Amino acid sequence: MILQSDALTNANNKQRNLFIGIAFDLIGMLTYLIPMLGEVGDVIWAPIAGFMLSYLYKGSIGKVSGVLGFLEEILPFSDFIPTFTLTWIYTYVIKNQDNN
């Protein structure tokens with residue numbers, strides 16, 4: 001019974017992280033819509049994105065993706081990289097294949 005509850009919680013976290021990740025990737029890409037002002041938005045969004053990545057994904061995956069997410073947002077012309085979605089793919093697709 002406990003194992004079934006854990007599996008349900010993991011499935012809910014998996015879906016939640018995917019939806020949140022896609023939304024945050026879209027927010028990060030919105031800065032392309034406003035030339036010049038968008039780069040100022042990136043300075044504000046970069047630490048938020050880094051923190052959220054480390055909050056959503058615990059352990060070393062969260063730490064590494066948080067740093068990469070921060071760098072991706074703070075560096076000019078790199079907003080097109082969907083860091084949240086790529087972290088989700090690594091965590092739930094690639095890493096799960098390694099465990100099987």
Side-chain angles (χ1 to χ4, degrees):
M1 186 150 190
I2 292 173
L3 293 176
Q4 188 177 24
S5 176
D6 288 344
L8 185 60
T9 301
N10 288 339
N12 288 341
N13 285 344
K14 183 178 179 179
Q15 279 188 325
R16 180 200 68 182
N17 286 355
L18 178 60
F19 292 132
I20 290 172
I22 290 171
F24 284 164
D25 280 333
L26 290 173
I27 290 169
M29 291 178 191
L30 283 176
T31 57
Y32 275 131
L33 296 177
I34 308 167
M36 301 306 277
L37 187 60
E39 295 305 321
V40 174
D42 281 345
V43 171
I44 296 167
W45 179 247
I48 296 170
F51 172 77
M52 289 307 298
L53 275 163
S54 63
Y55 179 78
L56 288 173
Y57 300 97
K58 302 298 181 201
S60 60
I61 293 173
K63 291 175 185 174
V64 170
S65 64
V67 169
L68 292 175
F70 175 82
L71 291 173
E72 179 257 323
E73 288 296 334
I74 205 76
L75 294 173
F77 310 114
S78 63
D79 288 345
F80 66 92
I81 301 170
T83 310
F84 283 90
T85 306
L86 291 173
T87 303
W88 185 90
I89 290 169
Y90 175 76
T91 302
Y92 294 108
V93 177
I94 296 171
K95 195 167 181 200
N96 277 348
Q97 287 177 354
D98 291 344
N99 291 336
N100 290 333

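Bear in mind the structure is a predicted one, so any value in this text is a computation, not a measurement. Values below: every heavy atom of this structure, side chains too, minus hydrogens, waters and symmetry copies.
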ILVMFWY network linking L56 to V93, side-chain heavy atoms under 4.5 angstrom: yes
L18 side chain reached by Y92 side chain, heavy atoms, under 4.5 Å: no
Those residues that, when tested against T85, pass side chain to side chain donor-acceptor pair (under 3.5 Å) (two or more places apart): D25
Closest non-hydrogen atom pair, E72 against F80: OE2-N, 4.4 Å
Over all atoms of both residues, closest heavy-atom pair of M29 and I81: CE-C, 4.5 Å
D42 versus I74, closest heavy-atom pair with distance: O-CD1, 4.4 Å
Within the 6.0 Å centroid threshold, strictly below: F24 and W45: yes
Residue list, ring-ring contact (aromatic ring centres under 6.0 Å, His included) with F70, at least two apart or on another chain: none
Approximate separation, where rounding is to 0.5 Å, of Y57 OH and N13 CG: 10.0 Å
Closest non-hydrogen atom pair, D79 against E73: OD1-OE1, 3.3 Å
I20 and F84, any side-chain heavy atoms less than 4.5 Å apart: no
Minimal non-hydrogen separation, T87 against S65, with atom names: OG1-CB, 3.4 Å
Point-to-point distance, once rounded to the nearest 0.5 Å, from CH2 of W88 to CD of Q15: 9.0 Å
Sub-4.5 Å side-chain heavy-atom contact between T91 and K14: no
